[in-house]
Amino acid sequence: MTEEDTGTRTDRADSATPNRRRGVLLFLRDLLVIFVVAVLVSFLIKTFLIRSFFIPSQSMEETLVKDDRIIVNQLVPDVTPLERGDVVVFRDPGGWLPARVEVDQPPLVAAVDWFLAFVGLAAPDSNDHLVKRLIGLPGDHVVCCNALGQMSVNDVPLDEPYIALPPGETKASRDDFDVVVPDDSLWVMGDNRNNSKDSRYNGETPLEGFVPIENVVGRAFVVSWPVDHWAWLGNYPEVFDGVDEAGEEAGD
């Protein structure tokens, strides 16, 4: 082997080292760009389209079970209108929930929770929200119960397949009520009718049990976790057939 061959091989090895280093740096840069883009996309989706909540209570059983995770469409109600039967997530209108005690977390755990919440993979504010089924829209006359134990909206009796009642119980509500929903407000109830502190039992709060539409975060449309609870969440339009027409006739 000549000195010329040896020098050429050394030169190639020397030039390969910075090329490899440059390739690694480019790879790491691309990974960082992908990560940042993914975080931004997740943030935008969580902020404007969908986000996740967990169920903190038993008030929506058997439709939703405590600790289920749900995906919420945040285009409702700003883009897509609310409908009777929707399972809605809303901020506490005031006085519905007990005061929450803040729990101190180690800084690292708090940082991880903040990041997961930022990208929509966690919902630390679930305990500040409620999940109920929308029964009455603004102007609706909601009454319970008739001789058959049914609730009615605008004098149309409802046959509600989604409610859970104790064995032997037939009334759609343990307590009778008769309300007209104010403008820009909603009447909501839990599917677990005898174990739900909903509009019926918040009459002493400032808004008398009604939920401002502006407090609605969105409509839950799927149970995402655990896997064996996965299900689409419908709003049972057949239950409310004729309610709109009856309301229009009453307003004439």
Side-chain angles (χ1 to χ4, degrees), residues 55-66 76-77 81-97 129-213 215-216 219-220 233-252:
I55 303 302
S57 74
Q58 300 173 332
S59 70
M60 284 297 292
E61 293 182 352
E62 299 291 330
T63 303
L64 298 170
V65 179
K66 186 178 179 181
V76 179
L82 290 161
E83 296 181 355
R84 300 177 193 89
D86 285 345
V87 176
V88 293
V89 176
F90 56 96
R91 295 184 300 277
D92 183 357
W96 286 44
L97 294 171
H129 293 71
L130 298 103
V131 182
K132 307 291 181 188
R133 192 175 296 275
L134 169 55
I135 301 297
L137 292 169
D140 281 347
H141 183 203
V142 188
V143 179
C144 198
C145 299
N146 65 16
L148 298 177
Q150 296 170 302
M151 180 167 57
S152 66
V153 179
N154 298 335
D155 296 324
V156 177
L158 307 182
D159 183 11
E160 302 177 278
Y162 43 77
I163 64 175
L165 295 172
E169 183 63 71
T170 58
K171 288 184 64 175
S173 173
R174 180 176 52 207
D175 299 302
D176 294 344
F177 58 88
D178 186 333
V179 299
V180 175
V181 185
D183 292 343
D184 302 318
S185 299
L186 307 171
W187 180 266
V188 299
M189 299 173 70
D191 288 356
N192 190 0
R193 286 291 163 80
N194 286 5
N195 190 17
S196 175
K197 190 173 183 289
D198 49 40
S199 288
R200 296 169 294 169
Y201 303 114
N202 283 285
E204 301 302 317
T205 60
L207 298 178
E208 300 179 343
F210 298 104
V211 177
I213 291 177
N215 280 42
V216 175
R219 177 178 65 85
L233 297 172
N235 62 0
Y236 296 87
E238 67 280 2
V239 172
F240 300 91
D241 278 348
V243 170
D244 276 328
E245 292 80 358
E248 290 169 2
E249 290 175 4
D252 291 340

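All residue numbers refer to positions in the sequence shown, counting from 1. Worth knowing before you read on, the calculation uses all heavy atoms, side chains too, and leaves out hydrogens, waters and symmetry mates.
For the pair R219/L82, no side-chain contact is recorded, criterion being any heavy-atom separation below 4.5 Å from C-beta on. Within the 4.5 Å cutoff, the side chain of S185 has no heavy atoms near those of the P138 side chain.
The 12-atom threshold is not exceeded at CD of E204, counting heavy atoms of other residues, nucleotides or ligands nearer than 6.0 Å. No more than 12 heavy atoms of other residues, nucleotides or ligands shown are found within 6.0 angstrom of CG on D184.
Of the possible donor and acceptor atoms, one in the side chain of S199 sits under 3.5 Å from a partner among the backbone N and O of G209. A distance-only check finds a donor-acceptor pair linking the side chain of R200 to the backbone of R193 [under 3.5 Å].
Shown here for N202 and T205, the closest heavy-atom pair between the two residues is O-OG1, 2.5 Å. V131 and M60 make their closest contact through O-CG, 3.4 Å (heavy atoms, listed as atom of the first residue, atom of the second, distance). Residue P157 comes nearest to N146 through the heavy atom pair CB-ND2, 4.0 Å, listed as atom of the first residue, atom of the second, then distance. The two residues R84 and N154 have their closest heavy-atom pair at NH2-ND2, 4.3 Å. Contact record, P77 with I213: CG-CG2, 4.0 Å, taken as the closest heavy-atom pair. For the pair D92 and L130, the tightest heavy-atom approach, listed with the atom from each and the gap, is CA-CD1, 3.7 Å.
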- Go through V239 and D159 one step at a time and tell me if the side chain to side chain contact (heavy atoms under 4.5 Å, CB included) criterion holds. CA-CA 6 Å; V239 172; D159 183 11; 5.9 Å; no

- Item | Verdict with reasoning, V142 to V180, per side chain to side chain contact (heavy atoms under 4.5 Å, CB included) | CA-CA 6 Å; V142 188; V180 175; over 6 Å; no

- Query: Under the salt bridge (charged side-chain N to carboxylate O under 4.0 Å, His left out) criterion, do E61 and K66 qualify, and how do the steps go?
  - Reply: CA-CA 8 Å; E61 293 182 352; K66 186 178 179 181; over 6 Å; no

- Task: List the steps and the verdict of side chain to side chain contact (heavy atoms under 4.5 Å, CB included) for V153 and L158.
- Result: CA-CA 7 Å; V153 179; L158 307 182; 3.7 Å; yes

- Are R133 and M189 close enough, and set up right, to give a side chain to side chain contact (heavy atoms under 4.5 Å, CB included), and what steps lead you there? CA-CA 5 Å; R133 192 175 296 275; M189 299 173 70; 5.8 Å; no

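Residue pairs satisfying the ring pair (Phe, Tyr, Trp, His ring centres under 6.0 Å) criterion with at least one member in residues 152-171, sequence neighbours excluded, are listed as follows: Y162-Y236. Screening residues 175-194 for ring pair (Phe, Tyr, Trp, His ring centres under 6.0 Å), with sequence neighbours left out, gives F177-W187, W187-F210.
Atoms SG and CD, on C144 and Q150 in that order, are 9.0 Å from each other to the nearest 0.5 Å. The structure places OG of S59 at 8.5 Å from CG of L64, a figure rounded to the nearest 0.5 Å. Atom CG in N192 sits 9.5 Å away from atom OG1 in T63 (nearest 0.5 Å). Here H129 contributes atom NE2 and F90 contributes atom CZ; the two are 10.0 Å apart, rounded to the nearest 0.5 Å. Put simply, CG on L207 and CG on L186 are 11.5 Å apart, with the number rounded to the nearest 0.5 Å. The distance from atom OG of S173 to atom CD1 of I163, rounded to the nearest 0.5 Å, is 9.0 Å.
Between the side chains of K132 and S196, at least one donor N or O lies within less than 3.5 Å of an accepting N or O.
Salt-bridge formation is detected for the pair K171/D176: a Lys NZ or Arg NE/NH1/NH2 atom is positioned less than 4.0 Å from an Asp or Glu carboxylate oxygen.
Residues meeting the salt bridge (Lys or Arg N to Asp or Glu O under 4.0 Å) test with D175, sequence neighbours left out: none.
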